S.K.: 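Okay, handing you the structure first.
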Amino acid sequence: MPRNPEGRQTVLRTCFTGFAAIASFAFAVPVTPSFAQAPAFVQLKIVKAGLLVGAGAGSGVLSYRGRNYRFRWSGISVGVTAGATVGRLEGSASGIREISDFAGTYSSVGGGASLVGGVGAVHLRNDKGVTMELRGPRGGWEFAANLSTITISMN
């Protein structure tokens with residue numbers, strides 16, 4: 001098999017030129033987040049109490065695509081629950097394609113303890129694929145290890 005140095009140089013030059021064109025195009029195109037995955041920020045006021053079965057309610061604000069949407073929530077937890085707390089949680093929501101995806105029923109498995117004060121955290125997911133990760137301070141007394149269901153409705 002004869003070797004052709006000129007042919008090999010032509011192939012290498014063509015590959016290099018193609019690679020350089022692709023690389024320059026990749027850096028020239030602005031990177032924008034997908035419209036379906038716009039970031040959202042959630043603030044939630046929480047009041048809950050319970051003994052074996054817990055209940056809670058509150059209100060919140062979803063900041064999404066430059067607008068604020070007020071919502072109400074209510075929830076119930078089943079498991080080991082004792083005490084009462086008041087808190088304020090905030091964090092992110094992801095997976096929202098339309099604002100109507102945010103409303104619905106969320107579920108969570110978790111637990112925690114609070115004596116006078118502490119920090120709470122929760123990870124929630126609904127059937128439309130929206131996930132919230134929230135955390136923040138809370139006051140009161142509580143011990144919980146439970147399964148929770150939270151229903152969110154838009155105002």
Side-chain angles (χ1 to χ4, degrees), residues 15-16 18-155:
C15 288
F16 179 76
F19 177 73
I22 291 170
S24 64
F25 180 74
F27 290 112
V29 175
V31 178
T32 58
S34 168
F35 191 71
Q37 294 299 317
F41 182 74
V42 179
Q43 294 178 311
L44 190 70
K45 295 176 188 171
I46 184 169
V47 176
K48 64 180 185 172
L51 184 60
L52 297 181
V53 175
S59 62
V61 176
L62 169 69
S63 299
Y64 181 65
R65 293 189 178 148
R67 293 191 57 198
N68 291 332
Y69 300 90
R70 296 196 177 283
F71 64 89
R72 292 208 149 298
W73 71 271
S74 62
I76 189 165
S77 60
V78 178
V80 178
T81 301
T85 59
V86 175
R88 180 166 254 157
L89 301 175
E90 58 184 40
S92 63
S94 60
I96 301 173
R97 295 187 190 329
E98 299 177 14
I99 194 65
S100 61
D101 291 345
F102 184 72
T105 301
Y106 290 77
S107 59
S108 173
V109 176
S114 175
L115 179 61
V116 180
V119 175
V122 65
H123 182 88
L124 301 164
R125 182 175 174 88
N126 75 6
D127 59 346
K128 297 174 190 168
V130 177
T131 302
M132 286 192 285
E133 294 183 23
L134 308 170
R135 66 184 66 224
R138 63 182 175 183
W141 175 86
E142 177 187 39
F143 174 79
N146 50 38
L147 172 65
S148 300
T149 301
I150 295 171
T151 302
I152 290 180
S153 58
M154 305 306 288
N155 286 350

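Below, each value reflects all heavy atoms present in this structure, side chains not excepted, and no hydrogens, waters or symmetry copies. Since the model is a prediction, treat every value here as computed from it, not as a measurement.
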S.K.: Taking Trp73 for its side chain and Lys45 for its backbone only, find out whether a donor-acceptor pair lies under 3.5 Å.
M.R.: yes
S.K.: Counting heavy atoms not belonging to Lys128, are there more than 12 under 6.0 Å from its NZ?
M.R.: yes
S.K.: Do Thr105 and Asn126 come within less than 4.5 Å of each other through their side chains, counting heavy atoms only?
M.R.: no
S.K.: Given side chains that start at C-beta, do those of Met154 and Ile99 come closer than 4.5 Å, heavy atoms only?
M.R.: yes
S.K.: Apply the test side-chain hydrogen bond (donor to acceptor under 3.5 Å, both in side chains) to residues Arg125 and Thr131: give CA-CA distance (whole Å), side-chain angles for both, the deciding distance (0.1 Å), then the verdict.
M.R.: CA-CA 4 Å; Arg125 182 175 174 88; Thr131 302; 3.1 Å; yes
S.K.: Using a 4.5 Å cut-off on heavy atoms from C-beta on, say whether the side chain of Asn155 contacts that of Tyr69.
M.R.: no
S.K.: Calculate, to the nearest 0.5 Å, the distance between atoms CG and OG belonging to Leu134 and Ser92 respectively.
M.R.: 7.5 Å
S.K.: May I ask you to test the Ile96-Met132 pair for a side-chain heavy-atom distance under 4.5 Å?
M.R.: no
S.K.: If you apply the rule side-chain contact (heavy atoms from CB on, under 4.5 Å), what do you find for Trp141 with Thr85, and how did you get there?
M.R.: CA-CA 6 Å; Trp141 175 86; Thr85 59; over 6 Å; no
S.K.: Going by ring pair (Phe, Tyr, Trp, His ring centres under 6.0 Å), name the residues that satisfy it together with Phe71, two or more places apart in sequence or in a different chain.
M.R.: Phe102
S.K.: Look up atom CD1 in Ile152 and atom OG in Ser74, then write down how far apart they are to the nearest 0.5 Å.
M.R.: 9.5 Å
S.K.: Would you mind writing out the side-chain donor-acceptor pairs for residues 47-63 within the sub-3.5 Å range, not counting sequence neighbours?
M.R.:
| residue | atom | partner | partner atom | Å |
| --- | --- | --- | --- | --- |
| Lys48 | NZ | Glu142 | OE2 | 3.2 |
| Ser63 | OG | Asn68 | OD1 | 2.8 |

S.K.: Taking all non-hydrogen atoms of both residues into account, name the closest pair between Gly95 and Asp101 and its distance.
M.R.: O-OD2, 4.4 Å
